[in-house]
Amino acid sequence: MKNRDNYTSLVIHDSYKELFYKIITSVFIRGLLLIIPVFWSNTVNNLSDGNFHKAYFLIIIIIILSLFYYVWQYLNQVTWFQFYNKLYLGYTALITKNNSDNIKKVTLGEYTNVINNDIDILCNFLGNGVARGIQILEILFIYFYFLTQSIYIFLITMMISVIMIILLVISSNQIKEENIKRKTSLDRKTVVAHQMYDKLKDGIYDDGIFKKFHQNNVDYLKANKRFNLLAQALIYLVLGIIELTKYGIIIYSVYLIGKGKMEVGTIVLIYTYYDKIITNFEVLGTISAEYQSFLVSLKRLNKLGIHQTEIEL
């Protein structure tokens, strides 16, 4: 396989079979999560109309689909690890095989963290990115459904969603800066940890190195706290606003039911789909933070990437 400067494209290209299987299982899972609430909505409507036989029949279908969902959930986990493992081996090969010259560019602490942490971050982001990409399509489907029910529900949902996405994008640079500080402090701590280990292995206790390690440890914990609290605060803000919007939409839906313009089962489906929007925006908030971590880790790996060899997995 010929190497390129774009290492992520390189390792994904070598993992196309695993990626294909991951996409298939993810599509089935997300599709079932959209279909099952529709059957629940129809079940409620049939109960409201006194059609109990059809309601029982729909419940049986829901049970079968739910069992089918868990089977595919397990298969999805299998394909996730297959894809993750192939990516991991690809990235590792990039910075280990015939790569003695590039090792000189980094400290031992940075090299250790790239091997143990950054590659894991890259593979997790790409492995989870498949399902998250499908979740974005899921949100679009839900928006279309809202449009078929009420133009006002659709417009309010779209307006809030756009504002929240803008907020996530604006905040992403600050999250990236905090993550860079976190990674740098971890590198410094790891270097001193290696120095302390060498001393202790030789039976020497160096109080100066111990104090330096302690201070680096404190610095890392502070940086790690700032990064995670900032990322979580942003997610909670976004989810809280969408949650309030959901209840406003439910109140409006109750009004439509009172006017005879909406079925009772529809409000169940709207409530369920809004919960999915909240879940998906929680994922988007996580993606925003994880993407910044991905960029930082990729930059660190690029310092070690090989240029004139082939990867053998």
Can you name the nearest heavy-atom pair linking [X] to [Y], along with the distance?
X: Ile257; Y: Val264; value: CD1-CA, 4.0 Å
X: Tyr69; Y: Leu32; value: CA-CD1, 3.6 Å
X: Ile35; Y: Leu65; value: CG2-CD1, 4.2 Å
X: Ser253; Y: Met262; value: CB-SD, 3.8 Å
X: Ile23; Y: Ile134; value: O-CD1, 3.9 Å
X: Tyr16; Y: His13; value: CD2-O, 3.2 Å

All side-chain hydrogen bond (donor to acceptor under 3.5 Å, both in side chains) counterparts of [X], not counting sequence neighbours:
X: Asn117; value: Asn113
X: Tyr247; value: Glu243
X: Gln195; value: none

Once rounded to the nearest 0.5 Å, what's the spacing between atom [atom1] of [X] and atom [atom2] of [Y]?
X: Asp120; Y: Ile115; atom1: CG; atom2: CD1; result: 12.0 Å
X: Ile241; Y: Tyr236; atom1: CD1; atom2: OH; result: 15.5 Å
X: Ile59; Y: Ser66; atom1: CD1; atom2: OG; result: 11.5 Å
X: Phe294; Y: Leu301; atom1: CZ; atom2: CG; result: 9.5 Å
X: Met164; Y: Leu167; atom1: CE; atom2: CG; result: 5.5 Å
X: Ile64; Y: Ile36; atom1: CD1; atom2: CD1; result: 11.5 Å

Scan side-chain atoms only and decide if Glu178 and Gln174 contain a donor-acceptor pair under the 3.5 Å cut-off.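 Looking only at side-chain atoms, Gln174 and Glu178 do form a donor-acceptor pair, the distance falling under 3.5 Å.
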Any chain of hydrophobic side-chain contacts (each under 4.5 Å) joining [X] to [Y]?
X: Trp40; Y: Phe68; value: yes
X: Phe28; Y: Phe39; value: yes
X: Tyr88; Y: Val78; value: no
X: Leu256; Y: Val44; value: yes
X: Ile12; Y: Ile119; value: yes

State, with a plain yes or no, whether a side-chain heavy atom of [X] is found less than 4.5 Å away from one of [Y].
X: Thr245; Y: Thr157; result: no
X: Gln215; Y: Asp219; result: yes
X: Gln82; Y: Ser15; result: no
X: Trp80; Y: Asn128; result: yes
X: Ile166; Y: Val162; result: yes
X: Tyr255; Y: Ile251; result: no
X: Leu87; Y: Leu122; result: no

Any chance you could lay out the side chain to side chain contact (heavy atoms under 4.5 Å, CB included) test for Phe281 and Ile165, step after step, and finish with the verdict? CA-CA 9 Å; Phe281 262 89; Ile165 290 173; 3.8 Å; yes
Name all pairs fulfilling the side chain to side chain donor-acceptor pair (under 3.5 Å) condition that reach into residues 259-273, sequence neighbours left out, sorted by first residue then second. Asn45-Glu263
Would you find a donor on one side and an acceptor on the other, under 3.5 Å apart, between the side chain of [X] and the backbone of [Y]?
X: Asn76; Y: Trp72; answer: no
X: Lys276; Y: Leu33; answer: yes
X: Thr25; Y: Lys22; answer: yes
X: Ser185; Y: Arg182; answer: yes
X: Asn179; Y: Ile175; answer: no
X: Ser41; Y: Pro37; answer: no
X: Lys86; Y: Asp14; answer: yes

Could you work out, with side chain to side chain contact (heavy atoms under 4.5 Å, CB included) as the rule, every residue matching Asn228, not counting sequence neighbours?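 Only Asn224 meet the side chain to side chain contact (heavy atoms under 4.5 Å, CB included) criterion with Asn228.
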Counting only heavy atoms not in Lys212, do more than 12 fall under 6.0 Å of its NZ? no
Above 12 or not: heavy atoms from other molecules or residues under 6.0 Å from NE2 of His214? no
When the ring planes of Phe81 and Tyr84 are compared, do they come out parallel, tilted or perpendicular, using 30° and 60° as the limits?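 The rings of Phe81 and Tyr84 stand perpendicular, inter-plane angle above 60°.
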Run the numbers on Lys183 and Asp118 for side chain to side chain contact (heavy atoms under 4.5 Å, CB included), then give the verdict. CA-CA 9 Å; Lys183 288 287 187 179; Asp118 289 303; 3.0 Å; yes
Under 3.5 Å, side-chain donor or acceptor atoms of residues 138-156 against the rest of the protein: list the pairs with distances, not counting sequence neighbours.
unit_1: Glu138; atom_1: OE1; unit_2: Arg30; atom_2: NE; d: 2.8
unit_1: Glu138; atom_1: OE1; unit_2: Arg30; atom_2: NH2; d: 2.9
unit_1: Glu138; atom_1: OE2; unit_2: Arg30; atom_2: NH2; d: 3.4
unit_1: Tyr143; atom_1: OH; unit_2: Ser161; atom_2: OG; d: 2.5
unit_1: Thr148; atom_1: OG1; unit_2: Tyr145; atom_2: O; d: 2.5
unit_1: Ser150; atom_1: OG; unit_2: Tyr152; atom_2: N; d: 3.3
unit_1: Ser150; atom_1: OG; unit_2: Ile153; atom_2: N; d: 3.4

Checking Lys189 against Tyr220: charged group under 6.0 Å from the ring centre and within 45 degrees of the axis? yes
Residues Asp207 and Lys211 bridged, charged N to O under 4.0 Å: yes
